[in-house]
Amino acid sequence: MTEAAWPYPRHIAHRGAGKLAPENTLAAFRHGASFGYRMFEFDVKLSGDGKAVLMHDATLDRTTSGSGRVDALALGELAALDAGSWHGPAFAGEPVPTLAAIARYTQANGFLVNIEIKPVPGAEYRTGAAVALDALSLWKDAAVPPLLSSFSETALEAARLAAPGLPRALLLDRLPPDWLGRLHRLGCVALDANHRELDAAVIGQAHAAGFKVLCYTVNDPARAADLLDWGLDGLITDAVDTIAPDRTGA
Ligand code: G3P
Ligand code: MG
C-alpha cells in the first residue's frame, strides 16, 4: 500500500464508540457513527467452534451475562448472551456481534474498519489465519480493505500467509529497539503504538521508512491535536463525543 493509496480517515472510534455504549457491539458502532465517525476499531477472537466474534477480553465475565473463556462456548451459545446490560439498561439484550454482522453493517454504511485480531491465549496462529480469511471473504467487494492489527506477531504472521493482500499493522504497547525491523519482517503497512510512545521524531522515523503511524487510545483533545500535527495517520479514540473527526473524511 503506497503513500498515495492510504485510504483510511485519521479518526478511528475505539471498540465501536469508546465508553458511551457497550464496547464491541453494534450499538456502539451506531453511537460512534452518530458523532460522524466513519472508521471503527474492534477486537475479534474465535468462539469454541471457530467463528469470529467481537470481544475484547479472553473471558465473558466483564462485558456479557456469561462467564468463563470465550472459546468455551460455541457461536450458538454466545448468541444467547446479553452484551449490553453491563453498560446500562438501555442496552439490555444487545448481542455479541459476529464479524460477518459487522461486515454487513459497515459496508452498507460506507464505513471502514480496523480489525484487531485479539486471540485467546494459545490460539494466536489459528485466530490470525481464520480472521484474515474471513476478512478477505466478507470484504471481497469492498473498495477499501479492512486494516488488520494485532499485538500478536504470531497472529499477524498467520494473517500474512492466509491473506497477503490485506494490510497489517503491528500493535506495540512499548517500542522495542528493533520496532522498525519487526514491521519490515511482518510486511506491515503501519505501526500502531500506544500514544505515549510517540513523538514527532518517532513518527518521522516511521514515515521515512515507508510506514504509516496509528496510535491508541487518545482521549485528550490537546494530545490528539499534537499527534495529528506531528503527522499521525490514525488516531484511535474513545472520546467520540469530544474529539471531532475530520469533516472531509480525509
Ligand atoms: O487497537 C488498539 C487498541 O484497541 C489496543 O488496546 O486493549 O483496547 O484492545 P485494547
Ligand atoms: Mg482493541
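Atoms within each ligand, like the ligands themselves, are counted from 1 in listed order. We use all heavy atoms of the structure for the numbers below, so side chains are in, but hydrogens, waters and symmetry mates are not.
- Looking at ligand 1, you won't find any N or O of Y216 less than 3.5 Å from one of its N or O atoms.
- Residues F35 and H31 place their aromatic rings such that the two centres sit under 6.0 Å apart.
- Proximity of the aromatic rings of F40 and H14 is defined here by a centroid distance below 6.0 angstrom, and this criterion is not met.
- The atoms of ligand 1 that sit less than 4.0 Å from any heavy atom of L171 are 1 (O), 2 (C).
- Using a 4.0 Å cut-off to heavy atoms of R15, the atoms of ligand 1 that qualify are 7 (O), 8 (O), 10 (P).
- Salt bridge annotation for E197-R174: present, with a cationic side-chain nitrogen under 4.0 angstrom from a carboxylate oxygen.
- Heavy-atom proximity to E116, at under 4.0 Å, picks out these atoms of ligand 1: 1 (O), 2 (C), 3 (C), 4 (O), 5 (C), 9 (O).
- Checked by distance only, ligand 1 and D192 stay at 3.5 Å or farther apart across all their nitrogen or oxygen atoms.
- Ring centroids of F42 and F29 are separated by less than 6.0 Å, placing the two rings close together.
- The distance from ligand 1 to the heavy atoms of E41 drops below 4.0 Å at these ligand atoms: 1 (O), 2 (C), 3 (C), 4 (O).
- The aromatic ring centroids of Y216 and F151 lie less than 6.0 Å from each other.
- Protein N/O/S atoms found under 2.8 Å from the Mg ion (ligand 2), listed by chain and residue number: E41 OE2, D43 OD1, E116 OE1.
- Atom numbering of ligand 1 starts at 1 in the shown order; those under 4.0 Å from a heavy atom of D43 are 9 (O).
- Counting only distance, with no hydrogens or angles, the side chain of S85 and the backbone of P89 share no donor-acceptor pair below 3.5 Å.
- Under a 4.0 Å N-O distance rule, the pair E23/R62 qualifies as a salt bridge.
- Checked for salt-bridge contact, E116 and R15 miss the test: no charged N lies under 4.0 Å from a carboxylate O.
- Taking only nitrogen or oxygen atoms, main chain and side chain alike, H56 reaches within less than 3.5 Å of ligand 1.
- Rounding to the nearest 0.5 Å places CZ of R223 at 9.5 Å from CG of L232.
- Although no hydrogens or angles enter the test, the distance criterion places a donor-acceptor pair under 3.5 Å between the side chain of S65 and the main chain of D82.
- For ligand 1, one of its N or O atoms has an N or O atom of K118 under 3.5 Å away.
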